[in-house]
Amino acid sequence: MRYKEDCRILSQEEIGKDIFSMWLQTDRIASEARPGQFLSVYTRDASKLLPRPISICDADPEKGCLRLVYRVTGPSSGTRQFSGYHKGICLPVLGPLGNGYPMDVAKGKRLLLLGGGIGIPPLLYTARSLGKNGDVTTVLGYRDKPFMDQEFLPFGKVFCASENGDTAIRGNVLDAVRTEGLSADVIFACGPKPMLRAVKSYAAEKNILCYLSLEERMACGIGACLGCVVRSTEKDEHSQVNNKRVCKDGPVFLSDEVEL
Amino acid sequence: MKNMKVSIAGVELKNPVMTASGTFGSGEEFSAFLDLSRLGAVVTKGVAATPWPGNPTPRVAETASGMLNAIGLQNPGIDTFIKRDIPFLKQFDTRIIVNVCGKTAAEYCQVVERLSECPVDLLEINVSCPNVKHGGIAFGQDPVQLQRITQEVKKAARQPVIMKLSPNVTDITEMAKAAEAGGADAVSLINTLTGMKIDIYRRTFALANRTGGLSGPCIKPVAVRMVYQAVRAVNIPVIGMGGIACAEDALEFLMAGASAVSVGTANFHDPAATVKILEGLERFMEEQQVERITDLIRVVE
Ligand SMILES: Cc1cc2nc3c(=O)[nH]c(=O)nc-3n(C[C@H](O)[C@H](O)[C@H](O)COP(=O)(O)OP(=O)(O)OC[C@H]3O[C@@H](n4cnc5c(N)ncnc54)[C@H](O)[C@@H]3O)c2cc1C
Ligand SMILES: Cc1cc2nc3c(=O)[nH]c(=O)nc-3n(C[C@H](O)[C@H](O)[C@H](O)COP(=O)(O)O)c2cc1C
Ligand code: FES
């Protein structure tokens, strides 16, 4: 099920330059949320019409708490407004939305989590959810300073790459995978489109099962408006054309399923 | 209980609140957030004779108090629609209005003929979508073409026909009269206003299609004015829409003379917007001691 809830903000802190981490108290969303799913987040004063899709970064289903990590993209953006909401204030959200990562596929397999920039947050709950069933290696790519990298340490080996060389490895996520000679049975990736394109062709080259979490501009967020489509290799059952909805059929797709 | 009933071309609606085509799919996705049986009618996304892939992305962009869209009328085609969407909607106690699009008069008629055997209450003909290069735009912007396509569709249709007018014209009354002269049973307006947004950091258009249709609260004053003018130009019912986000907005349209209203972009901000607007209308009638919603229609002259 999906729910529209007014969620109380439990905490809000800046964890990197323009990167904010927020915990929310939910009624039902956190207990039903799966890794890789997202929320539609609305501004409180309705000054922004459309919801912002933000991934579920972490959740505590028992307590009903859920964490979002988001980047403030500009001075008059909706995310700038989110960053100004203090603890105790209620935030309107809709979720959990989308399909999420296929956790069954990763069980008992060597899983490589590849995250680029603001695509990193959803991988945390993914790593945590695998728990003891997991054999996880995480590679995180940054433009400059790392964030959240320490939080992945409990779940396996973590490698950080950065374009500006603030980290051990200079370059991007795939540079790190290659220089460290990492291999895997399954890849889950989230990040900017150029990174996902490179990951897709890397996975094809190495014959690794690969799932990508995509981004697209959204309006409804629930599959009704057809605003957020991605070209699919096969005719889609719902649309009857080669288009899938990122918000409903995704955001996670098998890499061979979509054209980027 | 207030009397919320309205009637359009002989079809009675339990209340005047409907969905705007293209913003509500065929209702399935929204049924998790509201009981579709509470709506006066569900107006479905435009459907064509064959599946259409629509435009490249980005297809949507936010603007001040509104949004631009260039979906490009992606739709699964009439076969799938009849098999899947109509049976879904039949589970609910609401009127079904099917929005139809086409690239030629023959295509419109093909869809309308297929629908004649279906349990559909009304047809809404989209002659105004500004998105598709070879789409309905020619019909919706030329009164001669509009009258002709209305006549053709009327010949093929079993259900009453609503012609959905484009606001991208100099004189909306001329278009409303052309639809009436062609035999339309009602008109609905407004569709989106053609607009453009430029992404200054990417130094290109925000939408892959370059232009898109503007909708949402920013278009409401234009829409209210056009509904007011159309109501006074023709003797068929007018359905009003454009930027309705609350009951007060809906009341403006009703008072301008609309027989019913459609809620579009507001569904993206709140999936339960339609029901909240309905409840707001009932509250207003309670406060103002109005017994029938029809007593509020066309109260301004
Ligand atoms: C499934 C999914 C999950 C995401 N998860 C996260 C996350 O966990 N953390 C995070 O920081 N960001 C995430 N994003 C990106 C995030 O949605 C955008 O950065 C955000 O919408 C920008 O809004 P704004 O108010 O800052 O910008 P504005 O410029 O005010 O936005 C204007 C409009 O464009 C849309 N928009 C702008 N950029 C994007 C984008 N990259 N993707 C989709 N819509 C966009 C906005 O939603 C809004 O409708 C995710 C996107 C998707 C599709
Ligand atoms: C995403 C989107 C898709 C639309 N698709 C259609 C369509 O398929 N057929 C149609 O006649 N109008 C379509 N419209 C226009 C709406 O039905 C409505 O006329 C317009 O958006 C104004 O109302 P609003 O401001 O309440 O959204 C669409 C509008 C939007 C925003
Ligand atoms: S945002 Fe409407 S279908 Fe995905």
Side-chain angles (χ1 to χ4, degrees), chain A residues 1-6 28 40-53 73-74 76-78 92-97 193 214-232 235-249 258-260, chain B residues 19 22-34 44-45 50-81 84 201 206-208 212 215-218 243 245-246 264-272:
Chain A
M1 274 304 285
R2 313 174 196 112
Y3 310 97
K4 178 100 194 265
E5 290 185 12
D6 263 330
R28 287 167 296 192
S40 273
V41 185
Y42 304 82
T43 58
R44 281 168 48 82
D45 63 357
S47 60
K48 305 283 182 185
L49 201 65
L50 301 178
R52 273 62 182 155
T73 64
S76 55
S77 62
V93 307
L94 187 74
L97 301 175
K193 201 175 248 179
L214 306 187
E215 251 184 28
E216 192 46 75
R217 303 288 160 137
M218 295 183 180
C220 71
I222 56 174
C225 75
L226 308 178
C228 67
V229 300
V230 58
R231 275 193 68 78
S232 55
K235 187 170 93 174
D236 174 62
E237 159 73 22
H238 179 267
S239 74
Q240 294 291 308
V241 291
N242 289 46
N243 269 341
K244 287 184 179 291
R245 297 162 296 178
V246 171
C247 70
K248 176 122 194 226
D249 307 314
V258 288
E259 288 172 16
L260 298 180
Chain B
T19 62
T23 63
F24 208 75
S26 290
E28 198 261 318
E29 294 82 7
F30 281 87
S31 61
F33 303 102
L34 66 128
T44 61
K45 168 81 187 158
T50 55
W52 288 6
N55 287 328
T57 57
R59 289 179 170 186
V60 292
E62 196 181 52
T63 63
S65 288
M67 65 175 285
L68 288 166
N69 90 83
I71 308 296
L73 293 173
Q74 180 184 328
N75 77 87
I78 189 67
D79 290 342
T80 300
F81 182 84
R84 178 184 69 197
Y201 296 105
L207 299 176
S215 64
C218 61
C246 60
T265 302
N267 295 307
F268 303 152
H269 188 73
D270 180 355

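Source: prediction; values computed, not measured. So that the names make sense, note that chain A is the first sequence line, chain B the second, and so on, each numbered from 1. Note: hydrogens, waters and symmetry copies are ignored here, and every other heavy atom, side chains too, is used.
Within the 4.5 angstrom heavy-atom criterion, only side-chain atoms of B:Thr265, from C-beta onward, approach chain A. Within the 4.5 angstrom heavy-atom criterion, only side-chain atoms of B:Pro217, from C-beta onward, approach chain A. For a residue to count as touching a neighbouring chain, one of its non-hydrogen atoms must lie under 4.5 Å from one of that chain's; by this rule B:Asp79 does not touch chain A. For B:Phe33, the part lying near chain A is the side chain, with the backbone staying farther off; criterion is any non-hydrogen pair under 4.5 Å. When heavy atoms are compared at a cutoff of 4.5 Å, A:Lys48 approaches chain B by way of both its backbone and its side chain.
Across all their heavy atoms, A:Leu97 and A:Ser40 have their closest contact at CD1-OG, 3.4 Å.
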Full working for side-chain contact (heavy atoms from CB on, under 4.5 Å) between A:Tyr42 and A:Leu94: CA-CA 8 Å; A:Tyr42 304 82; A:Leu94 187 74; 3.5 Å; yes

Can you list the steps and then say if B:Met67 with B:Ser215 is a side-chain contact (heavy atoms from CB on, under 4.5 Å)? CA-CA 6 Å; B:Met67 65 175 285; B:Ser215 64; 3.4 Å; yes

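The closest donor-acceptor contact from the side chain of A:Asn242 to the backbone of A:Ser232 lies under 3.5 Å.
Among pairs with a residue in residues 51-78 of chain B, those fulfilling salt bridge (Lys or Arg N to Asp or Glu O under 4.0 Å) read A:Arg52-B:Glu62, at least two apart in sequence or across chains.
Most heavy-atom pairs under 4.5 Å with chain B: of the set A:Arg2, A:Lys4, A:Lys248, A:His238, this distinction falls to A:His238.
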